[in-house]
Participant: 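This is the structure I want to talk about, given as structure tokens.
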Amino acid sequence: MASISLKGVQKAYGDGALVIRDVDLEIGENEFCVFLGPSGCGKSTLLRMIAGLEDVTDGDLSIGGRLVNDVPAAQRGVAMVFQSYALFPHMSVFENMAFGLKLAKTPKDEIDRKVREAARILQLEALLERKPKALSGGQRQRVAIGRAIVREPGVFLFDEPLSNLDATLRGQTRIEIARLHKQFAKASVVYVTHDQIEAMTLADKIVLLHAGKDTELYGSIAQIGAPLELYHRPRSRFVAGFIGSPRMNFLPGRVKSVDAQGVTVTLDHTEEVVRVPINADGLQISQTVTVGVRPEHMEFVEASTASNEDAVLSRTVSLVEQLGEHSYVHLDQPGGAALIAKAPGNTRLAPGDRANLRVPRTACHLFTEDGFAAASLESVEHYV
């Protein structure tokens with residue numbers, strides 16, 4: 001078992017520009033931690049720093065309570081699974097999985113036992129004599145995972161291991177990785193992905209990273225938390241827009257009134273009013289704000305059935321994406337991007353129709369001009 005601690009960790013290359021800025025992070029023993037974020041945010045760089053494949057420019061990096069800034073990769077007690085599998089083409093599956101153990105001069109009988117046990121767990125027993133070219137993409141990835149398992153490390157590192165697989169194999173392999181983590185519960189896992197479905201389904205903890213100018217302004221980490229914490233309680237508009245598919249709808253407006261029960265916002269380009277039940281300390285009348293609401297939290301209604309407590313938006317349908325079980329309805333949004341709402345798969349809405357959307361007040365988020373959430377919200381978990 002090994003915990004991982006990063007304190008004030010930064011990474012700069014030759015030109016001095018920081019690609020990793022001000023990272024403070026604790027990853028506990030047995031924890032499955034996912035680094036998530038857009039391309040170029042430094043996910044893989046941060047993982048490679050933990051692995052010892054990139055130097056730490058500033059700050060302290062510890063594994064299992066031991067400072068490892070200057071410790072070689074081979075002595076850190078970690079095993080890494082790469083995106084490209086990194087298998088030796090001239091070696092069999094058995095030889096690939098045994099390679100690291102042979103380098104460590106492990107006795108032959110122990111190598112045989114560990115490799116065959118890993119092959120059993122990964123359902124590779126019938127493939128041990130094959131070469132990588134005779135394997136499918138999913139089988140090659142399992143061999144790469146097996147090579148890491150046999151070393152019995154304290155930390156497993158995965159660098160976008162499913163990105164080369166098709167959609168079906170990604171789903172199957174994701175389930176296998178989750179199952180393996182439960183079997184090898186003594187090990188901590190750090191997993192890099194840009195796929196939020198992988199992050200939401202695998203992680204105990206998500207570390208969502210900024211990219212571009214946001215990194216310079218706020219540091220590399222946008223938010224750390226359990227998957228549903230980031231989904232239900234995003235700390236910023238960036239987090240709210242990145243977590244969730246389709247992304248959260250953003251409705252710009254201005255503060256109309258403030259009282260003990262929350263904030264009333266008049267939406268731009270319309271006379272529609274949305275009530276948001278938050279602690280409104282610091283908000284001013286006429287202040288520019290953005291109301292956020294997820295597509296799955298809105299409901300198509302007849303205008304007459306709407307509650308006085310909830311807003312009703314009237315929009316024209318521009319597109320209907322029919323996905324079988326459900327549909328995503330795109331609606332024209334005055335002065336901005338289209339509004340997206342989730343509807344039943346058998347919806348009869350069609351482009352050109354006028355539709356009314358109920359926006360539950362307790363499903364609304366509020367963001368100020370600087371992009372941060374205005375205050376803590378009432379519970380929205382029951383809208384999932």
Side-chain angles (χ1 to χ4, degrees), residues 36-38 41 196 200 208-214 217-218 222-223 225 228-258 262-280 282-284 286-300 310-319 321 328-343 355-378 380 383-384:
L36 177 67
C41 69
Q196 61 171 286
M200 295 292 285
L208 181 58
L209 301 175
H210 281 128
K213 292 183 179 179
D214 283 347
L217 292 172
Y218 310 118
Q223 188 169 343
L228 290 182
E229 181 182 347
L230 270 65
Y231 177 84
H232 289 303
R233 298 184 181 278
R235 293 180 183 172
S236 68
R237 179 169 169 167
F238 168 77
V239 177
F242 197 89
I243 300 291
S245 181
R247 63 176 290 169
M248 181 181 285
N249 294 298
F250 295 114
L251 308 171
R254 293 184 178 275
V255 175
K256 179 181 180 181
S257 64
V258 174
V263 178
T264 301
V265 177
T266 301
L267 301 184
D268 289 350
H269 307 289
T270 73
E271 295 301 316
E272 296 164 332
V273 173
V274 177
R275 184 82 175 151
V276 187
I278 64 169
N279 181 341
L283 292 178
Q284 306 294 325
S286 297
Q287 179 177 342
T288 298
V289 292
T290 301
V291 176
V293 58
R294 297 197 180 278
E296 58 269 33
H297 292 167
M298 295 188 289
E299 179 186 0
F300 289 97
D310 298 329
V312 175
L313 312 181
S314 181
R315 298 287 187 273
T316 300
V317 175
S318 59
L319 174 69
E321 294 181 277
Y328 286 116
V329 181
H330 297 242
L331 304 106
D332 291 334
Q333 173 67 14
L339 200 67
I340 303 176
K342 188 176 182 179
N356 298 308
L357 284 165
R358 184 174 73 89
V359 181
R361 62 190 183 87
T362 52
C364 290
H365 303 252
L366 193 70
F367 304 97
T368 51
E369 266 188 298
D370 59 8
F372 288 99
S376 297
L377 308 172
E378 290 184 4
V380 297
Y383 282 105
V384 178

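Values reported hereafter were calculated over all heavy atoms of this structure, with side chains retained and with hydrogens, waters and symmetry mates removed.
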Participant: If you take all heavy atoms of R294 and A240, which pair is closest and at what distance?
Facilitator: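 Smallest interatomic distance, heavy atoms only, reads NH1-O, 3.6 Å.
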Participant: How long is the span from the OG1 atom in T316 to the CG atom in L331, to the nearest 0.5 Å?
Facilitator: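 T316 atom OG1 to L331 atom CG measures 8.0 Å (nearest 0.5 Å).
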Participant: Going from CD1 on I243 to CZ on F238, what distance comes out if it is rounded to the nearest 0.5 angstrom?
Facilitator: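 The CD1 atom of I243 sits 8.5 Å away from the CZ atom of F238.
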Participant: With distance as the sole test, does E272 use its side chain to make a donor-acceptor pair with the main-chain N or O of A311 at under 3.5 Å?
Facilitator: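 Checked: no pair found.
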Participant: Heavy-atom distance under 4.5 Å between the side chains of L339 and L357, does that happen here?
Facilitator: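 Heavy-atom side-chain distance check passes, below 4.5 Å.
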Participant: Could you check whether any side-chain N or O of R237 sits under 3.5 Å from a backbone N or O of G292, counting only pairs where one atom can act as donor and the other as acceptor?
Facilitator: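 Judged by distance alone, no pair lies under 3.5 Å.
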Participant: Quick check: closest heavy atoms across P234 and V239, and the distance to 0.1 Å?
Facilitator: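 The pair with the smallest heavy-atom distance is CB-CG1, 3.7 Å.
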Participant: How many angstroms lie between atom CG of L230 and atom CZ of R235, to the nearest 0.5 angstrom?
Facilitator: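 Nearest 0.5 Å value for the CG-CZ distance: 8.0 Å.
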Participant: When you compare the side chain of L283 with that of L366, does any pair of heavy atoms fall below 4.5 Å?
Facilitator: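 Contact flag for L366/L283 side chains = yes.
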Participant: Going by heavy atoms in the side chains, are Q223 and F242 under 4.5 Å from each other?
Facilitator: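 No, side chains not in contact.
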Participant: In Å and rounded to the nearest 0.5 Å, what is the NE2 to CD distance from H269 to Q333?
Facilitator: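 CD of Q333 is found 8.0 Å from NE2 of H269.
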Participant: Taking all atoms of both residues into account, what is the closest heavy-atom pair of C41 and A211, and its distance?
Facilitator: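 Looks like CB-CB, 3.8 Å.
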Participant: Using the side-chain contact (heavy atoms from CB on, under 4.5 Å) criterion, which residues pair with Y218? Sequence neighbours excluded.
Facilitator: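 Checked Y218 against side-chain contact (heavy atoms from CB on, under 4.5 Å); matches are H210, D214, F372.
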Participant: Over all heavy atoms of both residues, which pair between R247 and F250 is shortest? Give the atoms and the distance, please.
Facilitator: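 That closest heavy-atom pairing would be NH2-CE1, 2.9 Å.
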Participant: Would you check if T288 and P252 make a side-chain contact, meaning some heavy-atom pair closer than 4.5 Å?
Facilitator: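 In short, these two side chains do not touch, never coming nearer than 4.5 Å.
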Participant: Using a 4.5 Å cut-off on heavy atoms from C-beta on, say whether the side chain of R315 contacts that of D332.
Facilitator: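 D332 vs R315: side chains apart.
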Participant: Roughly how far, to the nearest 0.5 Å, is the CG atom of L208 from the CD atom of Q196?
Facilitator: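 Q196 CD to L208 CG: 9.5 Å, rounded to 0.5 Å.
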Participant: Say whether, by atom type as modelled, one donor and one acceptor occur between the side chain of D310 and the main chain of R361 under 3.5 angstrom.
Facilitator: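 Looks like yes, one N/O pair under 3.5 Å.
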Participant: Find the distance between NE2 (H297) and CG (N249) and round it off to the nearest 0.5 Å.
Facilitator: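 It is 11.5 Å, given to the nearest 0.5 Å.
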Participant: Mind checking whether T270 and L313 have side chains closer than 4.5 Å, heavy atoms only?
Facilitator: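 Not in contact.
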Participant: Do you know which two heavy atoms are closest between V359 and C364, and how far apart they sit?
Facilitator: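 Answer, listing the atom of V359 first, then C364: CG1-SG, 3.5 Å.
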Participant: Can you check whether G371's main-chain N or O pairs, donor with acceptor, with S236's side chain at less than 3.5 Å?
Facilitator: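 Between the backbone of G371 and the side chain of S236 there is no qualifying donor-acceptor contact (under 3.5 Å).
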Participant: Return yes if some donor-acceptor pair links the side-chain N/O of E299 with the main-chain N/O of P360 below 3.5 Å, else return no.
Facilitator: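 No, E299 side chain to P360 backbone: no donor-acceptor pair under 3.5 Å.
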